[in-house]
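Below you'll find the structure, written out as structure tokens, and then a few comments.
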Amino acid sequence: MKKNILYIAMACIALGFTACSDDPEDAVSKHVYGPDESPYLRADADATISLNAEFRKGHVTPKTVYLKDYAEQIQTKMKMTVDDMLAGIESGKVAFHSINTARGIWDMSAMTKGDGWWYNNNGAVVGNDGVASIELDKAAKALVLNVPEGSAAGLSMAANVGFAVVNGKDYDQYVRFTVNFSITDPGTIIQDIIIPAGDYASYEFDLTSIENAINACFGMTSADFIATIADTENDIAMYLADDNGNWDTSSGYTAGGIGLWVDVDHKVCNWSGNGYAAGNFYYIETHADDKTVGIGRAPGVPSGTKAKIHFVYASKSDATRFVEFVLNATFE
């Protein structure tokens, strides 16, 4: 029995020796990518440049990212200057492609917008009707980031492009730009408020607290804005807005100064004389002397009642200039 075991062991050793080879082609080697393949994306945090591209709803202008600002990283990772890298694209020594991070590959899709690509909400290349775009402006030595005119606020997505050295094997020597796109609306004020108990009691919203929004939307300070809304004859008006964001520009003021009474159906109404029982719900009233806009309750509103107070201050002469308030109110 022992002799049989010895014979088996010797046979296995012999087979092991015959399986070995000095031929390097027999060893496991890294895959060489052909011209029709999408190279994998080698993870390299130091080669990744993260950019934030925030656009304002209604005021979309392209953003330019100059490659010279990242010259040191390009030199470190690609061993070339920005000029050499761009010249390499022309000579074929450098590739410029989109990157599909979901699949972990360089996306070899053809360009779909000038010298760049359109992207969808998931950061994938699309032919047209994308939500964001990245283009290479070789003359300016820059990336140009953009979103379509008329884009709605709320966009939040990332797209990736990269420059890689073409070595005939892979794209492991590269720099990657991760662009975080967003569309915001600094003129929309969303806040939870509590309206105190008591007939006609109000929550006073401090207009000086939204200085940045006022400046972004009207190009004026909060002091100038407050001075303007102190008089109904000036250019800025108050309008009630519905759930779809449509403004009621036809109703006149029904509360003090620039102000409105609103009924239980969230429509502009007159003061009934009998409060909540007669349909009055709340009022919105400009208190310029106090630098506030007050949101107050009609007599009889039950404690715990909730309402969305939705209104705007807007320019009469230019409706694209406005500040929108969406205040989620709870009545004590």
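Since this is a predicted model, take the numbers as computed values, not measurements.
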Practice prompt. Measure from NZ or CZ of K306 to the centre of the six-membered ring of F331 and say whether it is under 6.0 Å with the direction within 45° of the ring axis.
Written response: no
Practice prompt. Please identify each residue that fulfils side chain to side chain contact (heavy atoms under 4.5 Å, CB included) with N246, with sequence neighbours left out.
Written response: D242, N244
Discussion item. Quick check on the hydrophobic clustering: are Y119 and I49 connected, directly or via other members, by side-chain heavy-atom contacts under 4.5 Å?
Written reply: yes
Discussion item. Under a 3.5 Å cutoff, is there a donor and acceptor pairing between the side chains of N234 and T228?
Written reply: no
With a cut-off of 3.5 Å and sequence neighbours excluded, list every side-chain donor-acceptor pair involving residues 194-202.
{"unit_1": "S202", "atom_1": "OG", "unit_2": "E204", "atom_2": "OE2", "d": "2.5"}

Worksheet, complete the sentence: Sorted by chain and number, sequence neighbours left out, side chain to side chain contact (heavy atoms under 4.5 Å, CB included) with K68 holds for Y66
Worksheet item: Atom CD1 of I258 and atom CD1 of I236: how far apart are they, to the nearest 0.5 Å?
Response: 8.0 Å
Fill in: Check: V323 and I189 side chains under 4.5 Å, non-hydrogen atoms
yes
Item to complete: Mind checking side-chain hydrogen bond (donor to acceptor under 3.5 Å, both in side chains) for D107 and listing every partner two or more places apart, or none if nothing turns up?
Response: S109
Practice prompt. May I have the step-by-step check of ring pair (Phe, Tyr, Trp, His ring centres under 6.0 Å) for Y313 and F322, ending in yes or no?
Written response: CA-CA 6 Å; Y313 282 109; F322 64 92; over 10 Å; no
Worksheet item: Which value, rounded to the nearest 0.5 Å, describes the distance between W271 atom CH2 and N280 atom CG?
Response: 5.0 Å
Worksheet entry | Path from V126 to F181 over hydrophobic side-chain contacts below 4.5 Å | no
Worksheet entry | Listed partners of K93 passing side-chain hydrogen bond (donor to acceptor under 3.5 Å, both in side chains), at least two apart | none
Worksheet item: Who passes salt bridge (charged side-chain N to carboxylate O under 4.0 Å, His left out) against E90, sequence neighbours left out?
Response: K138
Worksheet item: In terms of hydrophobic clusters joined by side-chain contacts under 4.5 Å, are V312 and F205 together?
Response: no
Worksheet item: Just how far is it from atom CG of L240 to atom CD1 of I309, taken to the nearest 0.5 Å?
Response: 9.0 Å
Atom pairs and distances, side-chain donor-acceptor, residues 156-168, under 3.5 Å, sequence neighbours left out:
{"unit_1": "N160", "atom_1": "OD1", "unit_2": "R176", "atom_2": "NE", "d": "3.0"}
{"unit_1": "N160", "atom_1": "OD1", "unit_2": "R176", "atom_2": "NH2", "d": "3.3"}
{"unit_1": "N160", "atom_1": "OD1", "unit_2": "T178", "atom_2": "OG1", "d": "2.5"}
{"unit_1": "N167", "atom_1": "OD1", "unit_2": "K169", "atom_2": "N", "d": "2.7"}
{"unit_1": "N167", "atom_1": "OD1", "unit_2": "D170", "atom_2": "N", "d": "2.9"}
{"unit_1": "N167", "atom_1": "ND2", "unit_2": "D170", "atom_2": "OD1", "d": "3.1"}

Worksheet item: Do T48 and D46 have a side chain donor and acceptor closer than 3.5 Å?
Response: no
Discussion item. I'd like to know whether L143 forms a side chain to side chain contact (heavy atoms under 4.5 Å, CB included) with Y70, so could you lay out the CA-CA distance, the side-chain angles of the two residues, the decisive distance to 0.1 Å, and finally the verdict.
Written reply: CA-CA 12 Å; L143 296 176; Y70 305 96; over 6 Å; no
Practice prompt. Determine the interplanar angle of the F311 and F325 rings, folded into 0 to 90°, and report it as parallel if under 30°, tilted if 30 to 60°, perpendicular if over 60°.
Written response: parallel
Worksheet item: F281 versus V301: any side-chain heavy-atom pair under 4.5 Å?
Response: yes
Discussion item. Could you work out, with side chain to side chain contact (heavy atoms under 4.5 Å, CB included) as the rule, every residue matching A278, not counting sequence neighbours?
Written reply: S272, N274
Worksheet item: Do we see a donor-acceptor contact under 3.5 Å between the side chains of D235 and S315?
Response: yes
Worksheet item: So, does T76 use its side chain to make a donor-acceptor pair with the main chain of E72 at under 3.5 Å?
Response: yes
Practice prompt. Just do the ring pair (Phe, Tyr, Trp, His ring centres under 6.0 Å) check on Y253 and W261 with the steps written out, would you?
Written response: CA-CA 8 Å; Y253 298 129; W261 269 107; over 10 Å; no
Discussion item. For the CE atom of M238 and the CG atom of D248, what is their distance to the nearest 0.5 Å?
Written reply: 12.5 Å
Item to complete: Check the pair R42, D44 against side chain to side chain contact (heavy atoms under 4.5 Å, CB included), reporting the backbone distance first and the verdict last.
Response: CA-CA 6 Å; R42 181 180 64 84; D44 186 350; 3.5 Å; yes
Item to complete: May I ask you to test the K291-S222 pair for a side-chain heavy-atom distance under 4.5 Å?
Response: no
Item to complete: To the nearest 0.5 Å, tell me how far E135 CD sits from T64 OG1.
Response: 10.5 Å
Response to the item:
Residue set satisfying side chain to side chain contact (heavy atoms under 4.5 Å, CB included) with D192, at least two apart, ordered chain then number -> N328
Worksheet entry | Enclosure of D289 CG (heavy-atom neighbours >12, cutoff 6.0 Å) | no
Fill in: Residues D265, K267: salt bridge by 4.0 Å N-O rule
no
Worksheet item: Can you check whether N122's main-chain N or O pairs, donor with acceptor, with N120's side chain at less than 3.5 Å?
Response: yes
Fill in: Hydrophobic cluster of I190, others only, ordered by chain and residue number, side-chain cut-off 4.5 Å
V326
Worksheet, complete the sentence: Here the gap from M85 atom CE to F96 atom CZ, rounded to the nearest 0.5 Å, amounts to 8.5 Å
Worksheet item: If we only count heavy atoms from C-beta on, is the K79 to Q173 side-chain gap below 4.5 Å?
Response: yes
Worksheet item: Going by atom types only, do D172 and Y40 share a side-chain donor-acceptor pair under 3.5 Å?
Response: yes
Worksheet item: Under the salt bridge (charged side-chain N to carboxylate O under 4.0 Å, His left out) test, which residues partner K141, sequence neighbours left out?
Response: D83
Worksheet item: Hey, what's the ring geometry for W106 with Y174, parallel, tilted or perpendicular (30° and 60° as the breaks)?
Response: perpendicular
Worksheet entry | same_hphob_cluster(I105, V125) at 4.5 Å side-chain heavy-atom cutoff | no
Response to the item:
Residue set satisfying side-chain hydrogen bond (donor to acceptor under 3.5 Å, both in side chains) with D224, at least two apart, ordered chain then number -> T221
Worksheet entry | Test item: E285 side-chain N/O and G256 main-chain N/O as donor-acceptor pair under 3.5 Å | yes
Fill in: Side chains of S209 and D206, donor plus acceptor under 3.5 Å
no
Worksheet item: Looking only at side chains, do Y239 and S251 share a donor and an acceptor under 3.5 Å apart?
Response: no
Worksheet item: Applying the 4.5 Å side-chain criterion to the ILVMFWY set and letting contacts propagate, would V65 and W118 be lumped into a single cluster?
Response: no
Worksheet item: Heavy-atom distance under 4.5 Å between the side chains of N215 and F225, does that happen here?
Response: no
